[in-house]
Enquirer: 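Before I ask anything, here is the structure I am working with.
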Amino acid sequence: MLYIHKTACISPQQTHPEADLNRLMASKNNMLQITEPVYADIPPGVLRRMGKAVRLSVGAALPLLKNGPAPDGIIIGTANGGIEDCIKFLNQIIEYNEGLLTPGNFVQSTSNAPAAQIALITKNKKYNCTHTHRGLAFENALLDAIMQLEENVENSYLVGSVDEISAYNFNIDRLAGCFREAVISNDKLFETPVAGTIAGEGCFMMTVSGKAAGAEARVVALLTIHSTDENLVRNTLEQFLHQTGFSENAPDLLISGENGDSRLQKYYDAAESLFPETASIARFKHLSGEYCTASSFGFWLGTEILRTGKIPGIVLKREGSRRIERILIYNCFRGLQHGMILLESIIHTR
Amino acid sequence: MSRIMITGMGIISAIGNSVAENRDSLKNKRGGISRLEFYPTAYAGKLPCGEIKISSETFREKLFTHPDSAITRTGLLVLHAAEEAVKDSGLTPDQLAFRDTALVGATTVGGMCLTDELFRDAHERNYGSPYTSSYDYASVTLAAQQRFGITGEISTINTACSSSANAILYGARLIKRGYAKRVIVGGADSLAKFTINGFNALNILSSGLCAPFDRNRNGLNLGEGSAFLVLEREEDVKGKKIYAVLSGFGNSNDAYHPSSISPEGEGPYLSMKEALERAKLKADEISYINAHGTGTENNDETESVAMQRLFGTPPPFASTKSFTGHTLGASGAIEAVYSVLGLMHQEIYPSLQFSEPILSTGLIPLHDYRQQAVRHVMSNSFGFGGNCTTLIFSKP
Amino acid sequence: METAELKQRVKEQIIKFLNLTTVKPENIRDEEPLFGEGLGLDSIDSIELIVMLSREYGINIQDPKEGRKVLVNVNTMVDYIEKNRTK
């Protein structure tokens with residue numbers, strides 16, 4: 001069992017340091033971008049070198065680790081790492097024709113840079129790993145922590161994810177057909193589903209342990225699958241719910257990664273079909289935008305809802321009648337990768 | 001808790017296109033680092049690399065049914081090695097498609113070996129190349145997912161030079177914790193302007209053949225390659241050939257500097273110590289160490305210090321990067337295969353290009369092929385960002 | 001270019017190249033050590049400054065030992081630039 005203690009989410013919405021989801025921050029040119037905070041905890045000598053993904057990760061993680069015991073591991077999910085730094089280095093290669101180049105961009109672009117920098121600044125010499133499996137990078141980081149806590153319930157971990165938009169990777173994904181051709185505003189994301197969605201970025205960090213004391217929620221189970229067959233996905237999800245003892249009490253809330261892309265609607269419809277009318281449905285991609293580790297925003301939203309007992313109006317798709325104690329977060333990335341996470345409140349069930 | 005058995009292996013590197021070919025080169029001290037022939041870079045005549053002398057087009061023909069599939073060279077290397085491993089282990093198509101078969105890949109370059117295409121797609125307004133979804137790290141693992149129809153847990157790990165060692169570690173954990181019954185684990189990297197220029201900008205590439213642990217070493221040679229292993233639970237492998245047991249692993253972070261290891265080799269020391277503890281072994285029970293041994297000033301000295309701290313006098317050790325070059329994301333898996341080969345055939349492999357020991361440590365790597373009793377082999381991988389991973393393989 | 005002017009320019013370039021956003025040129029004393037103490041730069045920075053010398057002044061330092069002698073402080077850098085610049 002994985003117990004969630006402190007969380008931090010830096011996103012295009014007002015989620016950090018406090019959450020205020022009463023107002024929807026608007027997208028621009030089909031991108032939802034973060035307004036970076038002032039990083040009080042990062043020494044300027046170190047901050048100067050960091051690309052955005054590393055700044056976000058360190059900025060979100062340091063306050064969680066201050067005043068607490070050092071975690072037994074730092075586990076991060078990031079599909080693209082410091083993609084902006086990566087392309088900047090690439091630009092140098094081309095501009096200077098493979099001549100004399102500055103290494104800073106290269107060193108900061110490596111996908112393990114966020115986890116490495118957090119370890120470096122906090123002098124944490126324990127387990128350190130970075131998962132980069134596209135739409136399941138966050139789920140893998142989470143599973144890694146779940147398994148280690150099963151091995152050693154006394155341990156604690158910093159787990160999180162980050163992915164940034166850069167003009168470059170937005171362009172590459174745009175050429176790949178990921179985004180809407182016409183510019184839309186995020187508040188209309190679900191209005192007329194067509195091919196494509198809007199881009200986002202975000203960083204989510206949390207401290208987790210094997211003990212309930214001081215925690216407000218826990219991850220009961222997690223499962224991922226690669227498939228393009230929505231029936232297989234539905235059956236897998238149904239089995240997953242059944243195996244985790246939810247068949248009679250289907251989760252009270254489905255947090256869905258629905259993103260306005262018509263090509264993916266069948267997967268989200270399949271997931272929704274498992275939930276009776278008494279359960280609620282919420283969605284979040286109009287807040288976070290779409291990116292490989294966006295499911296972490298849905299996860300953060302789940303912890304917020306369990307903490308406050310309320311579903312913010314801005315994310316509600318369908319209101320059910322039940323008190324929210326158990327949440328299924330389901331996300332599908334580009335019609336192949338599916339992640340399912342079961343969250344449970346422990347405040348009420350203690 | 002069930003022991004983790006290795007039941008299949010596949011590999012391709014500058015010293016061979018299969019497990020057998022790689023072993024033959026190691027035994028006969030045939031290194032594979034040479035002048036670049038295929039990869040188009042300004043450094044072709046200046047920086048020797050462990051290049052696989054097969055063009056990507058040839059790979060595509062040998063491996064491929066879909067000429068349109070936008071699989072990059074790194075993905076092709078994955079398929080080559082993973083196919084050998086899967087065939088070797090005798091896993092059936094049904095088993096591969098089961099929910100309890102997992103796949104863990106690793107890479108540091110991913111599809112960015114196509115540096116020029118990436119640059120164009122990053123800037124191009126209207127028409128993308130066929131590779132717009134093939135640049136990321138996951139793309140190479142997804143090539144294997146699609147080839148084998150894997151529906152179980154899948155991850156791609158990138159922790160720089162320790163990536164595929166961590167893939168093996170993570171895969172073992174998936175089995176130990178019951179999230180899989182069998183896992184295909186490994187990694188790949190192909191030569192890329194991105195890494196050639198990145199490492200060159202850090203002044204750690206040698207213009208000659210790398211000389212791990214040598215007093216006059218002056219840098220590493222990059223290499224390309226791929227290796228995959230099949231891990232299974234002990235209770236499932238009756239009647240199958242078992243190559244070795246993955247008896248221990250350790251993962252630590254050096255937490256000293258983004259691209260160099262601490263003078264006292266703290267990260268390496270900790271990962272080796274943890275692996276021994278997990279394997280319930282004493283240091284003097286290790287028969288041989290496949291060292292990280294890149295040939296850089298920093299790595300070889302700090303790694304030596306760490307070995308001396310832990311072992312006093314280390315057992316025979318060598319760096320096979322002197323044969324293959326530093327294959328980055330593939331190195332952990334490639335060196336795992338070499339470690340297992342040593343256990344299978346009761347032999348240990350040398351380091352090439354060594355003349356004189358490092359003054360401060362005096363350690364001398366093995367420089368000849370030797371047959372001897374081998375019970376436990378330690379394999380080390382230490383990367384940028386302080387990511388240190390150690391694996392221990394044992395005779396079954 | 002006058003030495004004083006060059007010193008000012010080099011300080012601005014150090015700040016720009018190394019992204020030292022919280023440092024102003026007037027904060028960097030001419031004789032202040034760049035590495036270790038003083039400005040506290042590290043090995044990656046030294047490589048970046050060597051690249052800067054190449055791109056801005058056409059000076060190519062191949063040997064890292066020579067680089068260490070040149071990059072002691074702003075004075076030593078400016079001195080070397082004045083003697084060796086090709087741009």
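Convention: sequence-line order gives letters A, B, ...; per-chain numbering from 1.
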Enquirer: Could you look at A:Ile146 and say if it's the side chain, the backbone, both or neither that has a heavy atom under 4.5 Å from chain B?
Expert: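 It is the side chain, since no backbone atom gets that close.
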Enquirer: Can you give me the closest heavy-atom contact between B:Leu270 and A:Lys125, atom names plus distance?
Expert: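 The answer is CD1-CB, 3.7 Å.
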Enquirer: Which atoms form the tightest heavy-atom contact between B:Ala255 and A:Ala119, and what is the distance?
Expert: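 Looks like CB-O, 3.7 Å.
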Enquirer: Are any non-hydrogen side-chain atoms of A:Phe89 and B:Asn197 less than 4.5 angstrom apart?
Expert: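 Counting from C-beta outward, A:Phe89 and B:Asn197 do come under 4.5 Å.
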Enquirer: Between A:Ile74 and chain B, with a heavy-atom cut-off of 4.5 Å, which part of the residue counts as in contact: side chain, backbone, both or neither?
Expert: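 Neither part.
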Enquirer: Looking at B:Arg125, B:Gln146, B:Met112, which one has more heavy-atom pairs under 4.5 Å with chain A than the rest?
Expert: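 When all of B:Arg125, B:Gln146, B:Met112 are compared, B:Arg125 has the most.
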Enquirer: Less than 4.5 Å to any heavy atom of chain B: does that hold for the side chain of A:Ile172, its backbone, both, or neither?
Expert: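 For A:Ile172, the contact with chain B is made by backbone and side chain together.
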Enquirer: Excluding sequence neighbours, so at least two apart, what forms side-chain contact (heavy atoms from CB on, under 4.5 Å) with A:Met1?
Expert: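 A:Met1: side-chain contact (heavy atoms from CB on, under 4.5 Å) contacts with A:Tyr3, A:Arg218.
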Enquirer: Given heavy-atom pairs under 4.5 angstrom as the criterion, report whether the side chain, backbone, both or neither of A:Asn105 touches chain B.
Expert: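 For A:Asn105, there is no contact with chain B at all, as no heavy atom is under 4.5 Å.
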Enquirer: Any donor and acceptor pair, going by atom type alone, linking the side chain of A:Asn171 with main-chain N or O of B:Glu124 inside 3.5 Å?
Expert: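 Such a contact is found between A:Asn171 side chain and B:Glu124 backbone.
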Enquirer: Check whether B:His123 gets within reach of chain A through its side chain, its backbone, both or neither, counting any heavy atom under 4.5 Å.
Expert: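 B:His123 touches chain A through backbone and side-chain heavy atoms alike.
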Enquirer: Main chain of B:Tyr43, side chain of A:Glu98: is a donor-acceptor contact present, judged purely on distance under 3.5 Å?
Expert: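 Absent.
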Enquirer: Step through the shown structure and confirm whether more than 12 heavy atoms of other residues, nucleotides or ligands are within 6.0 Å of CD on A:Glu181.
Expert: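 12 or below, so no.
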Enquirer: Closest heavy-atom contact between A:Ala176 and B:Ser133?
Expert: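 Heavy-atom minimum between the residues: CB-OG, 3.8 Å.
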Enquirer: With a cut-off of 6.0 Å (strictly less than), are more than 12 heavy atoms of other residues, nucleotides or ligands near NZ of B:Lys280?
Expert: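 Atom NZ in B:Lys280 is not crowded, with 12 or fewer foreign heavy atoms closer than 6.0 Å.
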Enquirer: For a quick test of reading the model, state the closest non-hydrogen atom pair linking B:Tyr179 to A:Leu143 and the distance between them.
Expert: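 Heavy-atom minimum between the residues: CE2-CD1, 3.6 Å.
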Enquirer: Roughly how far, to the nearest 0.5 Å, is the OH atom of B:Tyr127 from the CG atom of A:Leu175?
Expert: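 If we round to the nearest 0.5 Å, A:Leu175:CG and B:Tyr127:OH are 11.0 Å apart.
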Enquirer: Going through the distances and angles, do A:Leu136 and B:Glu153 end up as a side chain to side chain contact (heavy atoms under 4.5 Å, CB included)?
Expert: CA-CA 10 Å; A:Leu136 295 176; B:Glu153 294 299 329; over 6 Å; no
Enquirer: Heavy-atom pairs under 4.5 Å with chain A are the metric here; pick the option from B:Ile196, B:Leu174, B:Ile154 that has the most.
Expert: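 Winner by heavy-atom pair count: B:Ile154.
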Enquirer: Mind running side chain to side chain contact (heavy atoms under 4.5 Å, CB included) on B:Asp116 and A:Ile94 for me, showing each step along the way?
Expert: CA-CA 8 Å; B:Asp116 295 325; A:Ile94 306 292; 3.8 Å; yes
Enquirer: Working note: B:Asp136 + A:Arg134, criterion salt bridge (charged side-chain N to carboxylate O under 4.0 Å, His left out); need CA distance, chi angles, decisive distance, verdict.
Expert: CA-CA 8 Å; B:Asp136 67 356; A:Arg134 206 178 277 180; 2.7 Å; yes
Enquirer: Shortest non-hydrogen contact from A:Ser109 to B:Phe194?
Expert: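 Between these two residues, the closest heavy atoms are OG-CZ, 3.7 Å.
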Enquirer: The test is side chain to side chain contact (heavy atoms under 4.5 Å, CB included); show your working for B:Phe384 and A:Phe106 and say whether it passes.
Expert: CA-CA 11 Å; B:Phe384 274 9; A:Phe106 176 69; 3.9 Å; yes
Enquirer: Set out, in order, the CA-CA distance, both residues' side-chain angles and the distance that settles side chain to side chain contact (heavy atoms under 4.5 Å, CB included) for A:His133 and B:Leu142, then state yes or no.
Expert: CA-CA 9 Å; A:His133 196 61; B:Leu142 289 172; 3.8 Å; yes
Enquirer: Are any side-chain N or O atoms of A:Thr132 and backbone N or O atoms of B:Thr156, one a donor and one an acceptor, separated by less than 3.5 Å?
Expert: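 Side chain of A:Thr132 to backbone of B:Thr156, a donor-acceptor pair under 3.5 Å: yes, one is there.
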Enquirer: Is a donor on one side and an acceptor on the other found under 3.5 Å between the side chain of B:Asn251 and the backbone of A:Asn128?
Expert: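 Yes.
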Enquirer: Which answer fits A:Asn140, side chain, backbone, both or neither, if we ask what part of it has an atom under 4.5 Å from a heavy atom of chain B?
Expert: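 A:Asn140 touches chain B through backbone and side-chain heavy atoms alike.
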Enquirer: Rounded to the nearest 0.5 Å, what's the gap from CG on A:Asp173 to OG1 on B:Thr132? Could you check?
Expert: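 Result: 8.0 Å between the selected atoms.
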Enquirer: Between atom OH of A:Tyr127 and atom CG of B:Asn387, what is the distance when rounded to the nearest 0.5 Å?
Expert: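 So the OH of A:Tyr127 and the CG of B:Asn387 are separated by 9.5 Å.
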Enquirer: Taking it one step at a time, do B:Lys176 and A:Glu151 satisfy salt bridge (charged side-chain N to carboxylate O under 4.0 Å, His left out)?
Expert: CA-CA 9 Å; B:Lys176 280 186 187 286; A:Glu151 252 175 53; over 6 Å; no
Enquirer: Tell me, side chain or backbone of A:Cys86 under 4.5 Å from chain B's heavy atoms, or both, or neither?
Expert: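 For A:Cys86, the contact with chain B is made by backbone and side chain together.
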Enquirer: Quick one: do the B:Ser155 and A:His131 side chains pair a donor with an acceptor below 3.5 Å?
Expert: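 Per modelled atom types, B:Ser155 and A:His131 side chains form a pair under 3.5 Å.
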Enquirer: Can you find a heavy atom in the side chain of A:Cys129 that is under 4.5 Å from one in the side chain of B:Thr159?
Expert: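 Yes; the side chains approach each other to less than 4.5 Å.
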Enquirer: Chain B heavy atoms under 4.5 Å from A:Ile87: which part of the residue, side chain, backbone, both or neither?
Expert: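 Only the side chain of A:Ile87 comes within 4.5 Å of chain B.
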Enquirer: With a 4.5 angstrom heavy-atom cut-off, is it the side chain or the backbone of B:Glu274 that approaches chain A, or both, or neither?
Expert: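 Looking at B:Glu274, nothing touches chain A.
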Enquirer: Quick check for you: to the nearest 0.5 Å, what is the distance between B:Asn166 atom CG and A:Thr130 atom OG1?
Expert: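 Here the rounded value is 9.0 Å.
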Enquirer: Drop me the distance from A:Asn112's CG to B:Ile157's CD1, to the nearest 0.5 angstrom.
Expert: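 Atom-to-atom, A:Asn112:CG and B:Ile157:CD1 are 11.5 Å apart.
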Enquirer: Looking only at heavy atoms, which two atoms of A:Ser111 and B:Tyr137 are closest? And how far apart?
Expert: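 The answer is CB-CE1, 3.8 Å.
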Enquirer: Let me confirm one number: the CZ-OG1 distance from B:Arg99 to A:Thr236, rounded to the nearest 0.5 Å.
Expert: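 Reported to 0.5 Å precision, the distance equals 6.0 Å.
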